[in-house]
Asker: 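Just dropping this structure here.
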Amino acid sequence: MRLIMAVLMLATLAQAQEFDLVIANGRVMDPATGLDAVRYVGIRAGKVAAVSAEALRGRTVLDAQGLVVAPGFIDLHSHGQTPENYRFKAMDGVTTALEMEVGVSPVPAWYAAREGKALVNFGATSGHLPARMAVMHDSGTLLPRDNAVERAATPEEHREILALVRRGLEEGALGIGVGIAYVPLATRAEILDLFKLAAEKKTTLYIHMRNGGPVEPGVIDALQEVLADAAATGASLHVVHITSMGLRETPLCLEMIAGARRRGLDVTTEAYPYTAGMTDLGSAIFSDGWQARQGGIGFGDLQWAATGERLTAESFARYRRQGGMVAIHSIPEDIVKLAMGNPLVEIASDGILENGKGHPRAAGTFTRVLGRYVREQHVLTLMEALRKMTLAPAERLGVASKGRIAVGADADLAVFDAARVTDRATFENPAQYSEGMIYVLVNGVPVVRDGKLVDGVAPGRGLRR
Ligand SMILES: [Zn+2]
């Protein structure tokens, strides 16, 4: 009798110790604590339930010997919010893909369309651009093309735009998305009102600044505008894609941001690891004088995404009327390298693919940093790169359950082979999956297994404020 009791108790104990899933024997790297050691990670109900030097028992055990186990990457700047884009994100180690720059409006419908159907976690800001496009009846889709570009808002429109942005925040959006360069006639007062709203709601603005490049009006005065607004209101500020705005002035921009932080402003920034940007040729970015604003480039530095062709004065005019994505080869390689190595700069893709066409950053941003800038060029350490992809964006979002490997954290994990992780997407063929991600877990569910996408799973959840 006593023996039977003991066996039963042991069985119960073993049951209690069994996890849904265990990642065994991997090199666990957690930027939040600096942990870098071989550990077993036990997962239960979508959360990390144990991180142990001793072996753990799981109903499923994934062998990670020789692999790095990191928090899943958080992409703060992912315009691509479709199943196609989420597949490329997962293969690049991204477990949370957020549309923070342009944002969305209305917010609830956007979340509802993805809930229960997404491969990775998703979320968005309440967007000033979509609100302005709706109120001013602009014909653009992702970005404004006409009415919202060509004039200032009337006082009535201004109030309606602000009310829509406010409503989006109250419906759970993750902050305010602002693309000033796309609506160049939005007054400084209109933008300042968005800062006041962010301060009132204690949230962050994610901003594409008014201007870029070295020629005034350029990136320095544009950065001064948003830093002044942040100082005047107390709102938190995230400046998107600093390299494609700053170009050769990027070091000075980073100096200004560092100075603002030393004086107590909450300012962060990000960049992608490529020497070209991309946007809609039909947008205000290409109004007269674009060559100077892009640092002195010409038609041949533009590459039409649909065909990969370089543009001429003739094809520029034709495609600009039509609208569509174009790569802008404008960012010096040494500036990309400087940004990757600067501790203030988080990693974010700014990517979007549509039927396989777009910029390679949509597919390869995170593995490109790990392969090219960490392993090959030693621009930054692996732990520092992981911090810029996980903990830093989680802190920007104010989300304590992501960006770290700790008991109670969401089981979003990227398990990869540091010796061969690399991007494969190119400007000519952007729709190529990255290599070297062996397992990627979203809320405890494998979405990548043995280096391949898992079919028929949708563990991604909407991230709300
Ligand atoms: Zn942008």
Side-chain angles (χ1 to χ4, degrees), residues 75-81 85 97-105 124-133 138 140-145 148-149 174-184 186 191 194 204-213 217-219 222-223 225-226 237-247 249-250 253 257 267-287 290 293-295 297 302 305 323-331 335-336 339 345-354 358-362 365 393 396:
D75 189 351
L76 288 178
H77 196 150
S78 183
H79 297 299
Q81 294 285 338
N85 282 276
L98 307 172
E99 164 56 282
M100 304 298 269
E101 179 205 41
V102 172
V104 303
S105 184
T125 53
S126 180
H128 174 248
L129 288 178
R132 202 173 203 271
M133 286 162 70
D138 190 281
T141 49
L142 178 65
L143 296 167
R145 285 185 58 88
V149 181
L174 294 167
I176 302 177
V178 190
I180 313 176
Y182 293 105
V183 284
I191 302 304
L194 298 171
T204 304
L205 303 108
Y206 295 77
I207 294 200
H208 179 142
M209 295 181 285
R210 189 177 290 277
N211 292 299
V219 74
L223 185 52
E225 177 188 5
V226 292
L237 167 65
H238 181 83
V239 178
V240 302
H241 47 52
I242 193 70
T243 53
S244 66
M245 303 304 288
L247 305 176
E249 313 305 307
T250 299
C253 295
I257 292 172
V267 189
T268 52
T269 190
E270 59 168 59
Y272 44 77
Y274 293 88
T275 54
M278 179 172 280
T279 194
D280 190 334
L281 190 60
S283 74
I285 301 296
F286 294 99
S287 62
W290 61 269
R293 290 196 302 275
Q294 297 293 335
I297 61 169
L302 303 181
M325 288 291 174
V326 70
I328 312 162
H329 294 273
S330 59
I331 310 167
I335 293 297
V336 175
V345 181
E346 299 172 15
I347 309 301
S349 75
D350 193 9
I352 181 168
L353 287 178
E354 278 181 286
H359 189 301
R361 65 193 178 189
T365 286
R396 170 73 290 170

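Each ligand, and each atom within it, is numbered from 1 in the order the structure gives. Source: prediction; values computed, not measured.
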Asker: Output the atom name for the N/O/S atom of His208 with the smallest distance to the Zn ion (ligand 1).
Answerer: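 Within His208, restricted to N, O or S, the Zn ion (ligand 1) is closest to atom ND1.
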Asker: Can you tell me if CD on Glu225 sees more than 12 non-hydrogen neighbours from other groups inside 6.0 Å?
Answerer: yes
Asker: Hey, what do you get for CH2 (Trp290) to CG (Leu281), rounding to the nearest 0.5 Å?
Answerer: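 CG of Leu281 is found 8.5 Å from CH2 of Trp290.
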Asker: Identify, by name, the N, O or S atom of Glu101 lying closest to the Zn ion (ligand 1).
Answerer: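 Nearest to the Zn ion (ligand 1) within Glu101's N, O and S set: OE2.
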Asker: Going by ring-ring contact (aromatic ring centres under 6.0 Å, His included), Tyr206 matches just one of His128, His77, His241, His238. Which one?
Answerer: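 Result for ring-ring contact (aromatic ring centres under 6.0 Å, His included) with Tyr206: His238.
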Asker: Please walk me through it: do Ile347 and Glu270 pass side-chain contact (heavy atoms from CB on, under 4.5 Å)?
Answerer: CA-CA 5 Å; Ile347 309 301; Glu270 59 168 59; over 6 Å; no
Asker: Any N/O/S atom of His241 sitting less than 2.8 Å from the Zn ion (ligand 1), backbone or side chain?
Answerer: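 Of the N, O and S atoms in His241, at least one lies under 2.8 Å from the Zn ion (ligand 1), which means yes.
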